[in-house]
Amino acid sequence: MTQALYLEETLFKEMEKKDIAYGAHVLVFPLPVQGHINPMLQFAKRLAFKGLKVTIATTIYPAKSLHIGTGLLEIEPLSDGQEGAAMPREKLLGLLTDGSGTLTRLIQKQEGSLNPFSCLVYDSIFPWALNIAKQLGLCGASFFTQSCAISAIYYHVNQGKLDLPPSATIISIPGLPQLRISDLPSFVSAPESYPSTLVFVLRQFCNLEKADWVLVNSLDKLEDEEVRWMEGLWPVKTIGPTLPSMYLDKVMVSDNDYGINLSNPNGEPCQKWLDTRPTASVVYVSFGSVANLKADQMEELAWGLKESNKNFLWVVRASEQSKLPKNFVEETIEKGLVVTWCPQLEVLAHSAVGCFVTHCGWNSTLEALSLGVPMVAVPQWTDQPTNAKYVEDIWGVGLRVKVGENGVVRREEMENCIIEVMEGVRGKEIKKNAGKWMEFAKEALAEDGSSIKNIDDFVAKLINK
Ligand code: UDP
């Protein structure tokens, strides 16, 4: 048995003794959607591994989908009136504005117990949760599941310091590279399209000065200037990338999976299919858990993939399947596999995968960076255009497609970008950079790495509080 495995097993056995008093009890409270639960759950696992008691509070549907090692975390399912079904968008918006009664009751339930909650790690999208933590005597850590660059942009909009005249072409924001309008998050570049969501993303900063910590799923090297800018305003700690330990530092040996899928993954067929393909020959395509492509965009993407003549593994969620061109799956059966959901980390880590056509959700971006997979960036909305800008121009780990008429990326553009990344001159440079960033990601979580030091410091402060 390796030293790490031995330590982990011993620790978990200890933790199963429910009647011990812990140095601190942390309540972790994410927005119940895949892209927010994944990083916050991983952070929760790290804290538990470091010997803290950790409870994760989430609504019944994700709570039921959680599969994590015994004794590692407590799970507190919160009633949401959905009888265990996924939360519809309107309800999610309700939770964004007010879940305070439920959260207060949950914290008060533990008062007077052997391990009352001492710290709340809340999703930054729930600023009201910090007020509750403070009222009930807990310290509060805001957890940002978005990049520091995105926080800087939203902060400046919220301060009224980012006025976008219609003629603006280049936008300068402290701590950030120069941006074009098309590099901004969609809530900022097209605020009229998402008025309610803009309000929520701006509110993340409304009381942030009261937070004891601001935790960010990023790493210092990746956003050097941006992190420094944030540090000038808040007690920031980068703690990412939050991939399962076995993809990075390999210290938590049973942590080889996020432990939650809100859709059913077809793991085995993907793995078997990838095993039959040559090294770096497959284009993996996914637009994450939320984005909906327009039907004509889906069609262009499909034919672009076919024309590239590459092997491809494409995640098309069940709700998107009807937009696939007729007979596409049958016509491309030799080269392609279309699934409704897959274990993305396993896929990205597979040696057959040579390129990731991605919407540039922040988790997908960090996962590709950490696993050294070159990207073709096809951003759709929210923070994705900004992430895509960094992927192409700042980190040099991919190409961003050019959008054609009516906002649709044409098939030739898809095909050209895929071929350039996989075989072209720029592809060579991109692969080199991807390898470099993979090393930096591992370094951040290795002994004495920037993120692991920040996590250790957070744990030490909580225990000594
Ligand atoms: N994911 C997955 N299987 C899939 C597609 C996505 O496991 O078929 C995971 C992916 O690894 C990532 C998360 O879902 O951790 C998506 O988060 P991201 O921030 O990339 O995008 P969002 O879904 O929030 O738009």
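We count residues from 1, following the sequence as given. Atoms within a ligand are numbered from 1 in the order they appear, just like the ligands themselves. Predicted model, so just to flag it, every value in this text is computed and none were measured.
Taking every non-hydrogen atom of Gln34 and a distance limit under 4.0 Å, the qualifying atoms of ligand 1 come out as 14 (O). Using a 4.0 Å cut-off to heavy atoms of Ser364, the atoms of ligand 1 that qualify are 18 (P), 20 (O). Within the listing of ligand 1, atoms 22 (P), 23 (O) sit less than 4.0 angstrom from a heavy atom of Ser289. Within ligand 1, the atoms closer than 4.0 Å to a non-hydrogen atom of Gly361 are 18 (P), 19 (O), 20 (O), 21 (O), numbered from 1 in the order shown. When each atom of ligand 1 is checked for a heavy atom of Ser286 under 4.0 Å away, the hits are 5 (C).
Donor-acceptor pairing under 3.5 Å is lacking for the side chains of Glu415 and Ser308. Remark: the Thr242 side chain and the Asn217 side chain contain an N/O donor-acceptor pair separated by less than 3.5 Å. Side-chain atoms of Glu226 and Tyr390 include a donor-acceptor pair closer than 3.5 Å. For Gln321 and Thr340, the side-chain atoms include no donor-acceptor pair closer than 3.5 Å. Residues Ser151 and Gln146 bring a donor and an acceptor atom of their side chains to less than 3.5 Å of each other. Of the N and O atoms on the side chains of Arg317 and Asn292, at least one donor lies less than 3.5 Å from an acceptor on the other residue.
Considering only residues two or more places apart in sequence or on other chains, Asn261 meets the side-chain hydrogen bond (donor to acceptor under 3.5 Å, both in side chains) condition with Trp341. With sequence neighbours excluded, the residues forming a side-chain hydrogen bond (donor to acceptor under 3.5 Å, both in side chains) with Asp249 are Arg46, Ser245, listed by chain and number.
Checked by distance only, ligand 1 and Asn363 come closer than 3.5 Å through their nitrogen or oxygen atoms. Between Asn38 and ligand 1, at least one pair of N/O atoms sits closer than 3.5 Å. Of the polar atoms of Gly288, none of the N or O atoms is found under 3.5 Å from an N or O of ligand 1, judged by distance alone.
Residue Trp341 holds the heavy atom nearest to atom 9 (C) of ligand 1 of all those in Trp362, Tyr258, Trp341. Between the choices Arg317, Gln380, Gln384, His359, the shortest heavy-atom distance to atom 22 (P) of ligand 1 belongs to His359.
With hydrogens left out, the protein atom closest to atom 8 (O) of ligand 1 is Cys342 N, 2.9 Å, a heavy atom. With hydrogens left out, the protein atom closest to atom 12 (C) of ligand 1 is Glu367 OE2, 3.4 Å, a heavy atom. Protein heavy atom in closest approach to atom 24 (O) of ligand 1: Gly35 CA, 3.7 Å.
With hydrogens and angles disregarded, no donor-acceptor distance shorter than 3.5 Å links the side chain of Asp255 to the backbone of Met252.
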